[in-house]
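Before any comments, here is the structure.
Residue numbers begin at 1 in each chain, while the letters A, B, ... track the order of the sequences.
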Amino acid sequence: MTMDSTAAGPRFDVDRSLLVARLRAVLPPDSLLAEEEDLRPYECDGLTAYRQLPLLVALPASEAEAQAVLRVCHELKAPVVPRGAATGLSGGAMPHRDGVVVSLARLKKILRIDPLSRTAVVQPGVRNLAVSEAAAPHGLYYAPDPSSQIACTIGGNVAENSGGVHCLKYGLTVHNVLRVRGLTVAGEIVEFGGAALDAPGLDLLALMNGSEGMLALITEVTVRLTPKPELAQVVLASFDDVTKAGNAVASIIAAGIIPAGLEMMDKKATHAVEPYVNAGYDMNAEAILLCESDGTPEEVAEEIGRMRAVLEESGAAEIRVSQSEAERLKFWAGRKAAFPAVGRITPDYLCMDGTIPRKNLARMLIAIAEMEGRYGLRCANVFHAGDGNLHPLIMYDANQPGQLEQATAFGAEILELSVALGGTITGEHGVGIEKIVQMCAQFTPQELDAFHRLKQAFDPDARLNPGKAIPTAARCREYRQTRGGFPDTPAADAPRF
Amino acid sequence: MTALLEQWAARVRAAAADRTPLRLRGGGSKDFYGEPPAGGTLAVLDTRAHAGIVAYEPTELVVTARCGTPLAELEAVLAERGQTLPFEPPHFGPGATVGGCVAAGLSGPRRAQAGALRDFVLGARLLDGRGELLAFGGQVMKNVAGYDVPRLLAGSLGTLGLIVEVSLKVLPFAVATRTLRFDMPQTQALATLNAWGGQPLPVSASAWSDGVLHVRLEGAAAAVDAATRKLGGETLAGQAAAAFWQSLREQTHPFFGGDAAIPLWRLSLPSVTPPLDLPGTPLIEWGGAQRWLRGGDATTVRAAAARAGGHATLFRGDARGNGVFQPLAPPLAQIHRRLKAAFDPHGVFNPGRMYPEF
Ligand SMILES: Cc1cc2nc3c(=O)[nH]c(=O)nc-3n(C[C@H](O)[C@H](O)[C@H](O)COP(=O)(O)OP(=O)(O)OC[C@H]3O[C@@H](n4cnc5c(N)ncnc54)[C@H](O)[C@@H]3O)c2cc1C
C-alpha cells in the first residue's frame, strides 16, 4: 500500500496533448516519456511509500534542451519537478500529477577538473563519487560523501545540501560549492556564486543549497576539491551502554578534537550490518562509535592518542584502531551500508533525519526505545553523532494493515521530540513531502509565509516543485487542530530554534 | 518578545506606515562600508541596546548572541573556553557588534582555509519589514528545514531586516601555529600558493605584498612541524606573527594607510588568476583569491576583475556614482529586488546600502 499523496500540492489546469506536442517539437524523440509504462519508474524517489505518476517525463541532454522544456512548461503553465538520481529520502523528487518531471540524468559530463585552482565544473547529473574519482589522479577529492554517493547526483546534493560522514570537519555541500548555474522556472539562465570565493550582492548561492528543487533548475555546478590527507585512521570503540556512548561524543568535542568523522550505531544497527558486510563490529556492544582522524602521519598519531584517551575515560569496553587502509574501509563499510543492511531484515523502513544538540543523544535513544514498545515496531539507530544528526530507521511491513500509519506516527514523534530538544526535523534529507507537516511544529505561520514569499521571488506562480517543503497555512491549521499542542505563535523569546 | 523588541517592532511598523526608512547601526565601525544611505540622513535604529550572549555550550560548538553584543566581548568569552570564530571577522574599531559583523559578512585571513562568515551562521532571528519577529535555522550543525535564510542574511548589509540574534558555529583554537616568511615576486607567490593549496598542508592564512610572502600554518604540533620542514622559509617570532595577521585583519597594515582619499579596491578572484594588468602593486590574501588595490578607476578595475571571473568592491573611498559593488546581471538584479520586497515590502531598512535601487 502507499500513502495518499493527493495532498501533494495544488492542481494545475494543463492541456496535456498540447504540452506533448510542444515538447516533442523541442526534444529528440527518445527524450520525452508519455506512456504509463514508461512513466511508472519515475513515480517515486527513495521514499517509496509515496507514489504519484507524472503527466510526462522529459530527459534533456543539454542545458539548451532543459531551457526549451522549461520555456514550454512556462508558457503552458505546467508545473516542473526536477529529478536527479531519485535517491532522495523525503519525496522531494516525487512527481506532480499535472506536471513534467525533468530528469537531469543525461546531463552527466564532468566539464572540467582544474587541479591548480582545486575546482571541478560538472553537470548536475554527475554522480557524487564520479567527481572524487576524476579528481583522484591529482591527489584531490570532493569532500561531502553521502552514503548514497555511488548513485546520487551533484544536482540533488546541492538541492538537498547533503552531508556525509565527514562533514563535521569538511562541511556540507553548501561549504564546498562555489557556483551554481541554473534556469529559473521561466527558462532564464542565472548564475549564483562564481569562480571566486564570493560574489556581489545577496548570498543566493547559500539559498540554492537545500532549496529542494523549488527555486531553480540546476544545470551546472562548480565544486571545490580538497587535497587528500596523507593518512586516515579510524578508531572503533564499543560501549555496553548507549548513554556512555552518547556522552563520549560530547567529551571528544569538549577535548578540543574535531574528528574527520564521528559516527554512532546502536546494537540493532550493528546486528543488521554485520552479517551483511562483516565489518568486524563488536556484537555484544550496545553501541559503537567510529571516530576518524586524518592528516599527516605525525598528526594522526597524536590525535588518535588523544581520542583513545577520551574514549577510555568515557568507559569504552573495547577500542580498536584501523591498522591499514583496507581495515579502515572495512570499519566504514558497515556504517555506509547501514540503510541497505536494515533494508534486508525488514520489508520496509522509514529513515528519520532529525538533528539535536549532541548532549541530548542519549536522551533521544532512550526515548526511541520507549516508543518502540508503544508503537510495536523496531527501530535501528545510525547517527552522524558528531553533528547530532540522527537516522533512526523505523522497520515496518507495508503489507500489514496499519503498520505504515504506525511507522509514520512513530517517525513524527521522533521529529517533534527533535524540535523539543532544541533541534530540527531534518539535518540533510530535506523536508520534501515526508516532513511537510512537521514544518508546522518547527515554524510559525509568519515564518512559513516568509518562506512562501521568498520562493515567489524566484518562482512567482509557484510552479517549480509545487507542494513540497513548505506547508500552506491551511495545512498547518489542520495540523495544529488535530495535534492540539502547538500554539499559533510560540513566545518569540522561547528558545525555540 | 521583550519590551525592547516590542518597541523596535512598533518602530518598524511606524516607519513602514509613514514611509520613513531606518538606518540600522551597531557600533558604527563599518559605516564606511557599502553605499551611503539613500535619501539623505535617516533615523538611526541603534542595535546596541539588545546585547548579551544568550547561550554558549562549548561542547555543542555553538554560541548564540544578541545583535548588540560587542564582538570583542563575544570573542573573549569564546577564548576563555579555548574556542574562536574561525573566520576571523575584522572589527574595524572597538565598537563592532555581532549583528553588524554578520550583516557586513566580512571574513579575515583564515577565510580561504576555514570558510567565510556565512559558512558559520547556523541560525538567526530577524525583525522583518512588517515588524514581525521570525526565527530561521537553529543551533545545530545540520539543518535543512526551510530555506537557508540565516546564510542569506550574512552580508545582506541590513537590507532585509534587523538581525536580532544569531547562532554561530565555533571551533577550538589550533594547538600550534607558526608563520613563515619568503622573499618572492608576485607571479611566483601566486603559483606557489596555488600549488601548496593542492597539498594536504595546514596553511591557514597567506599574504603577499611588496615581494614578501607570509604563510601561517595552524594545526596539530606535529603537522605544523612537518610542514615547516617541507616548506622552508624563515620563521617569524610568535608575537610579531600575531601582530602581522592582526594588521591584515584590521587593515592597520601600512598598505591600507596613507592618503585616505585613494580608493581601496577589494578584488575577489579565482585564486589562480595571474597578476592583473592594473596600475599599482596589490596586497594578496586568501591564497590568491582576495587582492587589495590602492587607486584605479572603477571601469578599468571592474572590467579586469570580471574578465578574470571575479568581481571588485570599492571597499573604502568615494564611489562617485560608480557603485560600491559590482553591478548584477539583470536576472539576478530582479531576484534581489523581489527578495527585498519579500522581506521589507515598504523599504524600511537601509535603503540603497547595497545597491542604489533597493
Ligand atoms: C542508501 C542511502 C543513503 C543516503 N545517505 C545520505 C547521506 O549520508 N547524506 C545525505 O545527505 N543524504 C543521504 N541520502 C539521501 C540522498 O541520497 C541525497 O539527498 C541526495 O543528495 C539526493 O540526490 P539525487 O540525485 O538522488 O536527487 P533526487 O532524489 O533525484 O532529488 C532530490 C531533490 O533535489 C531536487 N533536484 C535534483 N536534481 C536537481 C537539479 N538539477 N536542479 C534542481 N533540483 C534538483 C529534486 O527535485 C528533489 O527535490 C541517502 C539516500 C539513500 C537511498
Side-chain angles (χ1 to χ4, degrees), chain A residues 115-118 140 161 163 175 188 190 194-203 206-207 209-211 227 229-230 250 253-254 256 258 295-296 298-299 302-303 355 357-359 387-389 422-428 430-431 439 442-443 446-447 450-451 453-454 457-458 492-493 496-497, chain B residues 1-2 58-61 82 111-112 115-116 118-119 123 128 132-136 138-148 151-152 154-156 167 171-172 194 197-200 219-220 222-223 226 268-272 286 289 309-311 325-326 328 331-332 335-336 338-339 342 354:
Chain A
L116 196 59
S117 68
R118 290 144 275 139
L140 301 168
N161 189 16
H175 302 111
E188 217 173 358
V190 274
L197 288 178
D198 47 52
L202 295 168
D203 197 338
L207 215 45
N209 283 277
S211 61
E230 275 177 60
I253 308 291
I258 304 296
T296 63
E298 302 87 348
E299 193 178 2
E302 188 180 306
E303 196 169 71
T355 304
R358 292 175 200 89
K359 63 177 175 201
D387 307 298
N389 187 196
T424 174
I425 57 171
T426 174
E428 58 179 15
V431 174
M439 285 290 280
Q442 195 166 330
F443 294 98
Q446 291 79 3
E447 288 154 3
F451 286 142
R453 287 194 297 266
L454 185 155
F458 291 80
D493 277 322
R496 188 178 48 82
F497 266 131
Chain B
M1 254 200 243
T2 64
T59 58
E60 299 296 332
L61 302 176
R111 191 268 175 257
R118 60 88 104 155
D119 293 314
D128 76 359
E132 276 168 4
L133 192 59
L134 310 171
F136 300 106
Q139 288 161 315
V140 287
M141 296 292 118
K142 292 166 82 175
N143 187 353
V144 292
Y147 302 113
D148 200 344
R151 285 198 173 91
L152 177 70
S156 63
S167 294
L171 284 177
N194 279 292
Q199 295 168 34
S268 177
L269 304 170
S271 63
V272 291
W286 299 3
H311 64 102
F325 300 102
Q326 191 111 358
L328 300 168
L332 281 188
I335 294 172
H336 275 70
R338 289 183 183 160
L339 277 175
M354 182 181 276

Where does [X] contact chain A at under 4.5 Å (heavy atoms): side chain, backbone, both or neither?
X: B:Leu339; value: both
X: B:Ala223; value: both
X: B:Ser268; value: both
X: B:Pro172; value: side chain
X: B:Ala145; value: both

Most chain A-contacting option - heavy-atom pairs closer than 4.5 Å, from [options]:
options: B:Gly198, B:Ala226, B:Gly309, B:Gly310; answer: B:Gly198
options: B:Gly115, B:Ala112, B:Gly82; answer: B:Ala112
options: B:Leu152, B:Asp148, B:Asp128; answer: B:Leu152
options: B:Pro200, B:Ser271, B:Gly155; answer: B:Pro200
options: B:Ala154, B:Gly219, B:Gly146, B:Ala116; answer: B:Gly146
options: B:His311, B:Arg338, B:Met141; answer: B:His311

- Can you tell which of A:Ala195, A:Gly256, A:Gly210 has the highest number of heavy-atom pairs within less than 4.5 Å of chain B? A:Ala195
- Note on the structure: Max heavy-atom pairs within cutoff under 4.5 Å with chain B, candidates A:Asn209, A:Leu454, A:Ile253, A:Ile425, goes to A:Leu454
Heavy-atom distances under 4.5 Å only: say whether [X] touches chain B with side chain, backbone, both or neither.
X: A:Leu140; answer: side chain
X: A:Asn161; answer: both
X: A:Glu302; answer: side chain
X: A:Leu197; answer: both
X: A:Glu188; answer: side chain

What are the two closest non-hydrogen atoms of [X] and [Y], and how far apart are they?
X: A:Glu299; Y: B:Ala220; result: CG-CB, 3.4 Å
X: A:Lys359; Y: B:Glu60; result: N-OE2, 2.8 Å
X: B:Leu328; Y: A:Pro200; result: CD2-O, 3.7 Å

Within the distance-only criterion (no hydrogens, no angle test), does the side chain of [X] pair as donor or acceptor with the backbone N or O of [Y] below 3.5 angstrom?
X: B:Gln139; Y: A:Pro357; value: no
X: A:Arg358; Y: B:Thr59; value: yes
X: A:Glu447; Y: B:Leu134; value: no
X: A:Thr355; Y: B:Lys142; value: yes

Value rounded to 0.5 Å, distance of [atom1] in [X] from [atom2] in [Y]:
X: A:Ile258; Y: B:Leu61; atom1: CD1; atom2: CG; result: 4.5 Å
X: A:Asp198; Y: B:Arg118; atom1: CG; atom2: CZ; result: 9.5 Å
X: A:Glu230; Y: B:Gln199; atom1: CD; atom2: CD; result: 9.5 Å
X: A:Asp387; Y: B:Asn143; atom1: CG; atom2: CG; result: 12.0 Å

- Plane angle bin for A:Phe443 and B:Phe136 - parallel if under 30°, tilted between 30 and 60°, otherwise perpendicular: tilted
- Task: Find out whether A:Val431 and B:Val144 are in side-chain contact, i.e. whether some heavy atom of one side chain is under 4.5 Å from a heavy atom of the other.
- Result: no
- Query: Does some side-chain heavy atom of B:Asn194 sit less than 4.5 Å from a side-chain heavy atom of A:Arg118?
  - Reply: yes
